Enquirer: 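Before we start, here is the structure in question, set down as structure tokens.
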There are 2 protein chains.
Amino acid sequence: MNRGNVSERRHEPPQVGVTSVILALEPAREHGRRRLWLPLVRRVREPFLGQWALPGGPLRADRSLEQSAYETLASTTDLRPRYLEQLYTFGDPARSRGGVPMVSVCYWALVGQADVAQLEPRHNVQWFADDDLPPLAFDHRAIVDYALWRLRHRMDSPRVVRQLVGEPFTLRQLHALTEAIRGERVDVANYRRRMLASGLLEETGGVLREGRQRPAALYRFRPGALDDAGAPWLPAGCEGEQLEHMNTAPERASADDNPLGSLTTALLHD
Amino acid sequence: MNRGNVSERRHEPPQVGVTSVILALEPAREHGRRRLWLPLVRRVREPFLGQWALPGGPLRADRSLEQSAYETLASTTDLRPRYLEQLYTFGDPARSRGGVPMVSVCYWALVGQADVAQLEPRHNVQWFADDDLPPLAFDHRAIVDYALWRLRHRMDSPRVVRQLVGEPFTLRQLHALTEAIRGERVDVANYRRRMLASGLLEETGGVLREGRQRPAALYRFRPGALDDAGAPWLPAGCEGEQLEHMNTAPERASADDNPLGSLTTALLHD
DNA sequence: GCAAAAGTGTTAGACGTACACCCATGG
DNA sequence: CCATGGGTGTACGTCTAACACTTTTGC
């Protein structure tokens, strides 16, 4: 798979880029299963000119990785996600451009329903369902699949679910989201009970009528449910082989034994 | 936490480094709980000269990230881990050295019992138990904690367990490893049953006598158990904003729906 | 009343946990 | 025969899947 045509420029410092996968829940269609959606941008340069690709760009030296991801993502798609998590870093020399090695730090992001609606159609940005993607530039397809895999395995995190479904929500909406991500049918009755028994939700008191049937109760996540969540996916600290004056101990966060406590970049704004 | 003294060199391309956390199971002590161990190297340069730190170095442009991690790790500690997985990439500008931004791709690695024994003592490399670490350079402590957290959450992976315990193994050894990583007592009887019922193990036919009691049966992991394992943590593909001729579809691997099929770098040699 | 979705109940099996118990072995 | 760990049995509570059922609404 890797071709070994490394040129003589190999000793130049590698380029560092940032690439993002943005995920959202497809707006409700009439009597259809809701799917996962992601925006792609059309490439305006070679290589892969005209093909669809993930938003990305070079790492700005005066920005953190998260900031760079957020900015390139916002400037190309006009979306302002509330959730941003590092996915993986790719750095094979076979990916070099003209012999200059390329390192790409990939992120995945979540945007809610409201943000999806606000995105006005552009020629160079378009939404695609996860099961109906066009051919993608580079190997962005693999990155998308990896992001979807991560999403499925983060589904038990209230943080993730909340960003996708938006608050407040009905249990049916939550259920639809679960089915969209898992890609399989889930018993509604059991899902209700599990969610209510989890203690993560609280009723808002409001109701929502979506069709012409009985209205459904609205819920939100309890404040405490979002705090610990049992997983410190996003280290707050930073590191380097040469790093000046950075001996601050990592802040240990609350309940769980999460080593890299504060999730600085998970929830960007609230 | 971030100090804003970004110098005028901000537009230089960022340096890219690779850092690794190597984990192993502490050799059996007489009647003591076995703990997790990791080797640290003493810094021979400023900053943090003389302090303990994780092995690391610059990314070689003609090497993949995994190869770079493996080589710097091998050259500094003389260890040849069989498992190597990307952990996280740190890139805050506050971590810059002399104004040149620093991006560090971190890996975690596993070495088995045999490898630990073969490592002859050096002045600049030493093992430390996970609950008795010295002060570390930079914020390497946070990285170690994060690696340990990852390890605890990868414990259900036969690949991970196998590398730490070494084959063949008795159920008691497996159990001891589990307790070491989880940091809590686990019922031996139930652990036995769960493991045997999982279908991941097969008897070698051999037995091992560790004390003066009844010898224990030896097991190994079934070949198939290591294949799918339900999690494609390590993408095989590569990516870049500028990438030449890289439109190969990702190979989808077997049983599960793992998107980035082949775990190229998880198991380095077998 | 009818359709459709909200919401509740019930049951049977799978699974985890605690703990008692027998077996094999060397001293 | 005894101490120690290897290995088995069992009973109980919890969780979950499956599915029948009642309630609320608009037409």
Side-chain angles (χ1 to χ4, degrees), chain A residues 25 27-34 152-153 155-156 161 165 167-220 230, chain B residues 25 27-34 152-153 155-156 161 165 167-220 230:
Chain A
L25 187 60
R29 300 173 295 169
E30 286 303 321
H31 283 284
R33 284 298 116 201
R34 301 177 71 177
R152 286 190 203 99
H153 289 256
M155 263 292 292
D156 46 355
V161 173
V165 77
E167 275 175 337
F169 48 82
T170 68
L171 283 176
R172 171 156 292 266
Q173 289 171 330
L174 257 197
H175 175 257
L177 174 63
T178 301
E179 283 193 336
I181 297 178
R182 300 250 300 259
E184 58 185 8
R185 296 217 143 273
V186 176
D187 186 290
V188 195
N190 294 328
Y191 183 79
R192 282 185 67 78
R193 258 186 303 259
R194 234 179 300 134
M195 273 307 169
L196 293 175
S198 72
L200 297 174
L201 308 181
E202 63 183 9
E203 264 183 288
T204 66
V207 292
L208 176 68
R209 170 172 307 129
E210 285 197 285
R212 54 185 171 283
Q213 308 80 14
R214 171 179 179 179
L218 286 170
Y219 295 85
R220 71 170 78 90
Chain B
L25 187 60
R29 300 173 295 171
E30 284 306 320
H31 284 283
R33 284 298 116 201
R34 301 176 72 177
R152 286 189 204 100
H153 290 255
M155 263 293 292
D156 46 354
V161 172
V165 78
E167 275 175 338
F169 47 83
T170 68
L171 284 176
R172 170 155 293 266
Q173 289 170 331
L174 257 197
H175 175 257
L177 173 63
T178 301
E179 283 193 336
I181 297 177
R182 302 248 302 258
E184 59 185 8
R185 295 218 144 271
V186 176
D187 187 290
V188 194
N190 295 327
Y191 183 79
R192 281 185 68 78
R193 258 186 303 258
R194 233 180 303 134
M195 273 307 167
L196 293 176
S198 72
L200 298 173
L201 308 181
E202 64 183 10
E203 266 184 288
T204 67
V207 292
L208 175 69
R209 171 170 305 129
E210 285 196 285
R212 56 182 170 283
Q213 308 81 11
R214 172 179 177 180
L218 285 170
Y219 295 84
R220 71 170 78 91

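These values consider heavy atoms only, across backbone and side chains, with no hydrogens, waters or symmetry-generated copies. These numbers were taken from a predicted model, which means no experiment stands behind them. Proteins get letters first, then strands, A, B, ... in listed order; numbering begins at 1 in each.
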Enquirer: Looking at five pairs on each end of the helix from C/dG1-D/dC27 to C/dG27-D/dC1, what is the angle between the two axes, given to 10 degrees?
Expert: 10°
Enquirer: To the nearest 0.5 Å, what is the distance between CG on A/Asp187 and CZ on A/Arg193?
Expert: 7.5 Å
Enquirer: Look up atom CG in B/Leu171 and atom CZ in B/Arg192, then write down how far apart they are to the nearest 0.5 Å.
Expert: 5.0 Å
Enquirer: Under 4.0 angstrom, heavy atoms only, what part of the nucleic acid is B/Arg193 near: base, sugar-phosphate, or nothing?
Expert: base
Enquirer: Between D/dC15 atom C1' and A/Met195 atom CE, what is the distance in whole Å?
Expert: 15 Å
Enquirer: If you check every side-chain atom of B/Ala189, which of C/dG26, C/dT10, C/dC19 has the closest atom?
Expert: C/dC19
Enquirer: May I have the distance from B/Arg185 (atom CZ) to C/dA18 (atom P), rounded to whole angstrom?
Expert: 13 Å
Enquirer: Taking the minimum atom-to-atom distance to the side chain of B/Gln213, which one of D/dG5, D/dT16, D/dA18 wins?
Expert: D/dG5
Enquirer: Tell me, do A/Leu201 and A/Leu174 make a side-chain contact under 4.5 Å, heavy atoms counted?
Expert: yes
Enquirer: State, without any angle test, whether A/Thr178 and A/Tyr191 hold a side-chain donor-acceptor pair at a distance under 3.5 Å.
Expert: yes
Enquirer: Nearest-Å distance, CG (A/Leu208) to C1' (C/dG7)?
Expert: 16 Å
Enquirer: State which of D/dG6, D/dC19, C/dG26 makes the closest approach to the side chain of B/Arg172.
Expert: D/dG6
Enquirer: Rounded to whole angstroms, how far apart are CD on B/Glu184 and C1' on C/dG16?
Expert: 14 Å
Enquirer: Which nucleotide in the list C/dA6, D/dG9, D/dT16 gets nearest to the side chain of A/Arg192?
Expert: C/dA6
Enquirer: Starting at atom CG of A/Leu171, determine the distance to atom P of C/dG7, rounded to an integer number of angstrom.
Expert: 7 Å
Enquirer: Taking OP1 and OP2 of D/dA3, is either one under 4.0 Å from a side-chain nitrogen or oxygen of B/Arg212?
Expert: no
Enquirer: Given atom CZ of A/Arg194 and atom C1' of D/dC15, what is their separation to the nearest angstrom?
Expert: 10 Å
Enquirer: For A/Asn190 and A/Arg214, find the nucleotide of DNA chain C closest to each by heavy atoms; which residue's nucleotide sits nearer the 5' end?
Expert: A/Arg214
Enquirer: Provide, to the nearest angstrom, the distance between the CZ atom belonging to A/Arg209 and the C1' atom belonging to C/dA4.
Expert: 13 Å
